[in-house]
Structure formats: structure tokens, C-alpha cells
Amino acid sequence: MSKSVNVKDLDVYYGDFLAVHDVSIDIAPKSVTAFIGPSGCGKSTLLRTLNRMHEVIPGAHVKGQVLVDGDDLYGAGVDPVTVRRQIGMVFQRPNPFPTMSIKENVLAGVRLNNKRISRSAADDLVEKSLLAANLWNEVKDRLEKPGQGLSGGQQQRLCIARAIAVEPQVLLMDEPCSALDPISTLAVEDLINELKDSFTVVIVTHNMQQAARVSDKTAFFNIAGTGKPGKLIEYAETTTIFNNPMQKSTEDYVSGRFG
Amino acid sequence: MTTATESARLPAVRNRLTTGQLPKRSTLYTVIGGFILAAALQGLIGFNWFGLLVFTGVFYLIAIYSLSLMKENRRKALDRLVSGLVCTAFILALAPLVSTLWTVVSKGLGILSWEFISTSGGAAHIDPDTLELVSSSGALQAIVGTLQITGLATLFSVPIGLLTAIYLVEYAHPTFWLRRTVNFLVDVMTGIPSIVAGLFAFSLFTLLLGPKAFSGLSAAVALSVLMIPTVVRSCEEMLRLVPADLREASYALGVTKYVTITRIVIPTAIAGIATGITLAIARVIGETAPIFMAASFTDSFNANPLSGPMQTLPVMAYTGYKFPGQDIDLSNNQAWGAALLLVLLVVVLNLMARIIAMIFAPKTSR
């Protein structure tokens, strides 16, 4: 049920501004891929093109192809809604729906897509998703309480549970731990390792230890200067990127010598 | 041992950081001093309440500033002066409000009775049995008229206003010409004098139905012209407050834009939207001129907003004074009664807005 993602010669624009230039990258199914690089180098932008979320911003568009198991996301007549149902996303800041309880938040993806679901099936789905997000034991006694009453780390895991409840084929994570403390970060990282068994995971992170800990392959992005487009510098096995990179700038960045 | 440490701690060792300050209650004492001084001055030049308050304020400001300047420093003196000025401004702003409320309550309370709100008619008429001139007092026609006209206006304005706000916030591209036009027109509408709205409704219905086309519906149309821009602006404000994160979270789940708006954005903003709408209602419920033009006025009961003149509370307050019946005192009293009822209605509406906001507010309690 997890799918591969192949990006081919992708340019990403905000209006006339070229944000990411000429990226090609092949992501294998059931793997964890980390995007690292300095701020503003376009890694989040690229991530958002993988489920057509970037076009929520007025004027944003792409040139090139993104193939998910061979199907072009940007082909003519592709409905972004269909794409997003298959490719889920977790954001930097936890964003549970404030009007909904914990349970309703987990079921949001199913309910809001107007799928009929029986009460017992819904209960099972909530338990399964929350178990998968390592949150079940902490919230099982207060499923009817508001989702915003949880701590930040719990909220983020609730958002992950919400994203995996719709059973996407690919899960994109945009700096999911940057607002979390080390213990919650550890919980989310453990979770990513478990999610790998059933999903293709792509994670953007500023934390290089985190990239080294969770990912199979790592892509390093860099930017030549302000106003210049971000580029993919190097994409290889995580161990290669961190121990024996091909490019000088990659080595500088991962060893902390970056200017 | 204990006594030793206590006695060591207890002696009033003055904290050197607090020296050079006026004593704690100096503000209160200065106000009292200013009051006495003002009263003494009034004793010399003649007494009136307003003068007493003004002189108290002036004496207080002078005294506290010079005292503080002597004992403390310039910064603190200025701080006390400005605090005093702010409090004075607050009391000044409050005075007309309290005075108005007091006048309305004291003059209107006398006539307020079950009979006043449950019967209609205000003019004297001849009792058919005794052939005597009796004057009945009642505001039922005005209460019903107010509720019907404002209710209809709300019914017209809320869908139009809310949908316009949704278009402006969720759909229109920031630089798209239609959005800029709508924005401009809403701004223009906000500035329309209410009498012009009344003229518009009056002439519209005269053109459609011929002369003397007074009706509650016509007044409701006039009120919606005034209400729509307020509703648009408050709903727009509230929809913009919904974090973009929530919309993105919803889109990322593969939820369509329409469902995102109806199930995520509006429920999150509903408390603010409900408050905004209630305040818009409270604003138009007191309109007199447009209703007077579009629905005229009447003393007889008319619960059909589609035809015939209709009375409302503000118009009743106006006509009670301007066009009193044979019993002039009764008419004036009725005017005050109508004004008091209107104030009560607005208070109830505001309370409702609070309660609605409380019920719908997103729950964040742990």
C-alpha cells in the first residue's frame, strides 16, 4: 500500500519567483527520506509540492513531473483533493481542529470526506490510529475532551494519528519535531521508525542528528544566495551523506562548518 | 531562639529601594483633599454638582503632580498626572451614558407595566359602551413591529453578508478586481447615512407598488442596507482570525474546499460571527429615520410586514414626542416607555451575544 515517489526535473515557483530549481529525486516505497539544508533552501517548498499543498498559496505553481507509482500528480485533469487523500501531511506546528474532541480529530479525515462509518468501525479506527501514533495510552480515558487540551507533543502525535487514519500511501512531515521537547521528539522518532513498515515517509528536518537517526536516505539542499533558487546538492544513503559525502558543501553543512 | 530571629527580622528596617515614594494611600487622600477644597470653593461661589466634580478633578491633578514632584521624581509625577487625566477622561466619557440611562429608566419605569407591553394603541378613543373618552396605553404594536422588521432585516443581511465575507476571505485572490470592487462598495455602504437607506427603500417600494407603499418589509430592506456592510466586515474579521494552519491541515487530509469552509473554518469562527451579527442587530434596532420613512408609524396593531404602516419602538419614542395624541402627558410617557423597552431589548441582545459566544467558543480546557 505504500508507493514510490519520483520527482523529475521539477521547478517550483511562487508567482514569478523560482524557489526550487531542477530537482530530480527517487524515493523508494517503505523508506524514510530526510530533507536537510539551511533555512530558505526550498526543502519545505519541495515537500509541499509532493501532495500539491503548495498551490494553496496564491500564485504558486510548478514545472516538471512528480510521479507516484508512475502516475503524474501534475498531469492534466488531476484533482488535488484526490492526491491529498493518498499523500498525507504533518505540519511543523501541531494543528488539531479546535472545535473537535480528540476522537473527532482522529476521525476528521474520514468524516469530512463524507464517508459513512459505523460506530464500532470508528472506535476501532480511533484506537488503531492512536496506538500507531503512540498516543492511545495517554488519551484513552479522555477521547471526548478537546484536542487542544493536550500538551504540544501529544497534539503533534494526535495530528500524526489524524494523518494516518485516512491510510495514505505516503506521509510527508514538515519539521514535525521542531516545536517539541526532546522526550516528545523521541516519541515521534520512534513512531517514524514504526510507520516505515507501512508508509513511505518523507521528513524535513533542521536537526541533523534526527536525520541521521531516522532516515534511510538523505537529500541535502542548498541555496547560492538570497533570491537564488534552492537546489538539490546531494542525495544518497544517510550514512554516506553524514560520513563520506561527495560534495564539499554537504560536508561543511553536516559537520557544522556551514557559514 | 525563635524570638531572637524574629526580633532580628521584625524591626522595621526600611527597604532603601522604597525610599523617596509617596505613601500608599496618597492618591485617596489627595482626592479627598481636592474634594474638600472644591466644596469650600463652592461654598464661596455657589454650589453645583458639575462644578464640584470639575474642581475636585483639577485640584487633585495639581496637588498630586506637585506633591509627587517634590517627594518623588519627574517620571513618577508625570505618571501620576497622566493616570489622573486618564481616569478623568474615563469618568467624563461615562457621565453621559449614566445620565442617559438614569433619565430613561426614571422616566420610563413609571409606565412600564404588563398592560403597556401586552396591549396596543396609544391614542385616546371613545369607549363604545360608556361613550367616554378613554386613553389606553400600549406598545405591543411597536414591540411586534421592532421584532419583525429587525428579524426580517437580519434574515436578509446575514446570508448576504456571511457569503460575501466567505468570498472575500476564502475565494478571492487578493488583487482580483472583483474583490477590490466588493471591498470598495462595502466601504461605501458603511458610510451611507441611514436616512438615505430609508429613502432608497421608500422610493423602491413606491416605484414597485405605487404611492403610500408603507410596509414593514420596506423598512426591513432599508435596515438590511445598513446592516449588510457591518455583517460583512465583522464576519470577514472573524474568518481571517482562523489560522491558515487549520485550513492546510484540512486540505492535507484530502478534504475539499467547500467542506473545509463549512466544517472547519466556520465552526472555529462561529462564536465571533454570532457576536458580530448580534452587535449588528443591536446597531440597527435603534434606527428611527429609515423606518419612519419606509414603514411610517401607526398606533394600531399590524403584524403583517407585507402591507400597511408598522410601528417600532424608536419611532414610537419619536412620534410620542413629535406628534402626541390628545393626552399629551400620556404620549410623552409612552415615548419614554418605548425608549426604556428599546434599551432593555438591546441589553438582552448583548447578553445573548455573550452567551452565544460562550457556548460556541472552542473548548480548550484540559
Side-chain angles (χ1 to χ4, degrees), chain A residues 15 48 50-59 79-101 104-115 142 144-151 154 158-159 162-168 171-174, chain B residues 162 166-180 182-183 235-275 356-366:
Chain A
R48 288 165 65 92
L50 299 185
N51 71 342
R52 298 191 63 167
M53 275 303 290
H54 80 299
E55 54 198 81
V56 171
I57 298 160
D79 184 358
V81 170
T82 322
V83 170
R84 292 175 199 144
R85 279 180 196 173
Q86 297 179 18
I87 305 178
M89 188 156 187
V90 176
F91 296 85
Q92 187 171 355
R93 275 187 301 170
N95 50 6
F97 298 128
T99 51
M100 298 183 182
S101 68
E104 287 165 338
N105 259 295
V106 176
L107 291 173
V110 177
R111 289 258 169 85
L112 297 181
N113 285 326
N114 294 324
K115 277 187 208 137
R142 44 173 178 162
E144 305 302 328
K145 293 275 169 59
Q148 286 207 324
L150 298 174
S151 76
Q154 290 172 328
L158 176 61
C159 292
R162 182 177 65 186
I164 57 184
V166 292
E167 300 185 340
L171 191 61
L172 309 177
M173 298 177 137
D174 189 355
Chain B
L162 184 58
I166 289 173
Y167 170 75
L168 288 175
V169 177
E170 303 288 337
Y171 285 96
H173 193 276
T175 53
F176 187 49
W177 65 270
L178 185 58
R179 181 194 151 132
R180 289 199 284 185
V182 170
N183 253 330
C235 291
E236 201 188 339
E237 218 53 30
M238 290 306 143
L239 292 178
R240 277 193 207 289
L241 282 182
V242 176
D245 287 6
L246 293 183
R247 296 186 183 92
E248 292 200 337
S250 177
Y251 293 148
L253 289 171
V255 179
T256 56
K257 188 160 191 168
Y258 169 75
V259 177
T260 301
I261 292 168
T262 50
R263 302 277 295 274
I264 303 291
V265 177
I266 293 184
T268 308
I270 192 72
I273 292 175
T275 315
I356 289 169
M358 242 160 53
I359 292 170
F360 285 123
K363 288 141 192 85
T364 48
S365 59
R366 274 160 200 253

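The figures here come from the full heavy-atom set of this structure, side chains too, leaving out hydrogens, waters and symmetry mates. Proteins get letters first, then strands, A, B, ... in listed order; numbering begins at 1 in each.
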Give me the atom names and distance for the closest heavy-atom approach of [X] to [Y].
X       : Y       : result
R85(A)  : G254(B) : NE-O, 2.7 Å
A252(B) : M89(A)  : CB-CB, 3.8 Å
L253(B) : R162(A) : CD2-O, 3.5 Å
A249(B) : N95(A)  : CB-ND2, 3.4 Å

As a quick check of understanding, evaluate side-chain contact (heavy atoms from CB on, under 4.5 Å) for L246(B) and F97(A), giving each step before the final call. CA-CA 7 Å; L246(B) 293 183; F97(A) 298 128; 4.0 Å; yes

What residue in R84(A), R111(A), R48(A) has the most heavy-atom pairs under 4.5 Å with chain B?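 Of R84(A), R111(A), R48(A), R84(A) has the most heavy-atom pairs under 4.5 Å with chain B.
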
Under 4.5 Å heavy-atom distance to chain B, tell me which part of P96(A) shows up: side chain, backbone, both or neither. backbone

If I measure from the heavy atoms of chain B, does L172(A) come under 4.5 Å with its side chain, its backbone, both, or neither?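 Neither; nothing under 4.5 Å.
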
With a 4.5 Å cut-off on side-chain heavy atoms, are I264(B) and L112(A) touching? yes

So V56(A) and R247(B), do their side chains get closer than 4.5 Å, heavy atoms only?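 The answer is no; the side chains never approach within 4.5 Å.
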
Gap separating the CE atom of M53(A) from the OH atom of Y251(B), nearest 0.5 angstrom: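 Nearest 0.5 Å value for the CE-OH distance: 8.0 Å.
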
Nearest 0.5 angstrom please: R263(B) CZ to E104(A) CD, how far?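 Between atom CZ of R263(B) and atom CD of E104(A) there are 9.5 Å.
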
Taking non-hydrogen atoms and a cut-off under 4.5 angstrom, which of residues 255-262 of chain B neighbour chain A? V255(B), T256(B), V259(B)

